[in-house]
K.L.:
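I am attaching a structure below and will ask some questions about it afterwards.
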Amino acid sequence: MKTMHLFTFILAFISVLSCKADTPKRIGSIETVTTAHPPITKEHYIKVALLLDTSNSMDGLIDQAKAQLWEIVNELSYAKCRNERPSLQIALYEYGNDNLNAREGYIRKILGFTEDLDDVSKELFSLTTNGGSEYCGTVIQASLEQLDWGNDADDLKMIFIAGNEPFTQGDIHYKDASLNAKEKNVVVNTIFCGDYKHGISSYWKDGAQLSYGDYMAINHNVETVHIASPYDDVILQLNIQLNETYVPYGASGKRKVALQMEQDDNAAEYSKANAVSRTVTKSSHLYKNATWDLIDAEAEADFSYAELKKEDLPKELQKKTASELKRYITEQRAERERIQKQISELNEKRRKFVVSQSKDAANGLENAMIQALKKQAGKKNYTWE
């Protein structure tokens, strides 16, 4: 097994809306189908900004992030806010790398808040380490200013910053950045990669406490433990079937299908268990691809078959009438839901098996982050199924 390590990300979920029946109508001589939807209800979000130190000593941290992404998202898929499933948005920054712009404090915004988990995975696998100079206050302040945190008091807004140099470096003092986060109702959680007491003396704990966040210390070079289960092979076979239910459309359709397959391969490169974890994520409500998949797009409130252009569809679907296309999408949706249900049922058995085989909390960062998340989520009426 390839050496891998932990870190992590985080979470969340979407309101379940019931749909009214679709009704066909004619525009001129062309039959189209319009989809009636109920009024849009307000969604709640779990917003997580991940600030990762990519200096020379942090290869283990980056590997942990790659290895633990899917298991952490899967745990978050069980969260609810007032009996509704919040949506998960993840933003990603790197800092402390000498290849980055010195005038900007050696930081880089990689992704703004996104629900596209394939993009998050792609960017994590693209990270490299070099250098450097780690300015924690600078990257925290940048994430507060550059990201859209929103104004909903029910949203769970969290920064997770990980590194191993003193928290005091840089032109922007960590106290100012942490207090600014508190003003925005953003919780700063700090993860020191090293000895717990060393992290305290380096002010990582103080940086968290100023915004009512949690301080954690991890061994970022420890190997991530993946436990194989008797259900893994069947789940991976179901992943192949699941991929066949996607209907790409638009300019990005083909590219996104290729990206989906690439991230399947990246997960499998770590271990079979990691590939299984990604498959479980793909069967959950957190894996959403409305920008390129016609099945997910059709579930959106503003979707209209009348606005679809023939040239945006796969060639095999371009000659279908709107009614035929609607029927095809309905059949594909039913097939996807059948496969997802099977994966979910097998995963419940897998989870119980993994728990029975776990001798200790070897994946310390994963466990620490989930505990911090649940602790802070509990203050905002979030519960876990």
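The shown structure was predicted, so the numbers you read here are calculated from the model rather than taken from an experiment.
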K.L.:
Name the one of Y215, W204, F192, Y203 that satisfies ring pair (Phe, Tyr, Trp, His ring centres under 6.0 Å) with F167?
P.N.:
W204
K.L.:
Between Y95 and T138, is a side chain to side chain contact (heavy atoms under 4.5 Å, CB included) present by the stated rule, with each step listed?
P.N.:
CA-CA 9 Å; Y95 75 101; T138 302; over 6 Å; no
K.L.:
State whether D63 and K66 are salt-bridged, where the test is any N-O pair (Lys NZ or Arg NE/NH1/NH2 against Asp/Glu carboxylate O) under 4.0 Å.
P.N.:
yes
K.L.:
Run the ring-ring contact (aromatic ring centres under 6.0 Å, His included) check on Y78 and Y382 step by step: do they pass?
P.N.:
CA-CA 10 Å; Y78 296 101; Y382 283 76; over 10 Å; no
K.L.:
Tell me whether K272 is salt-bridged to D233, with the criterion being a basic N under 4.0 Å from an acidic carboxylate O.
P.N.:
yes
K.L.:
Is the side chain of D155 donor-acceptor paired with the backbone N or O of H44 at a distance under 3.5 Å, no angle test?
P.N.:
no
K.L.:
Please report the closest heavy-atom contact between L156 and A377, naming both atoms and the distance.
P.N.:
CD2-CB, 3.7 Å
K.L.:
Can you see whether Y287 engages D118 through a side-chain donor-acceptor pair at a distance of less than 3.5 angstrom?
P.N.:
yes
K.L.:
Are the charged groups of K319 and E324 less than 4.0 angstrom apart, N to O?
P.N.:
no
K.L.:
Would you call D154 and K380 a salt bridge, taking side-chain N to carboxylate O under 4.0 Å as the test?
P.N.:
no
K.L.:
Tell me if a side-chain donor or acceptor on N97 pairs with a main-chain N or O of Y106 at a distance below 3.5 Å.
P.N.:
no
K.L.:
Among all residues two or more places apart in sequence or in another chain, which pass the salt bridge (charged side-chain N to carboxylate O under 4.0 Å, His left out) test with E345?
P.N.:
none
K.L.:
One thing to verify: whether D152 and K157 come together as a salt bridge, which I'm taking to mean a side-chain N less than 4.0 angstrom from a carboxylate O.
P.N.:
no
K.L.:
Salt-bridge test for K282 and D264: reply yes if a basic N is under 4.0 Å from a carboxylate O, no otherwise.
P.N.:
yes
K.L.:
Is any NZ, NE, NH1 or NH2 atom of the basic residue among E298 and K326 found under 4.0 Å from an Asp or Glu carboxylate oxygen of the other?
P.N.:
yes
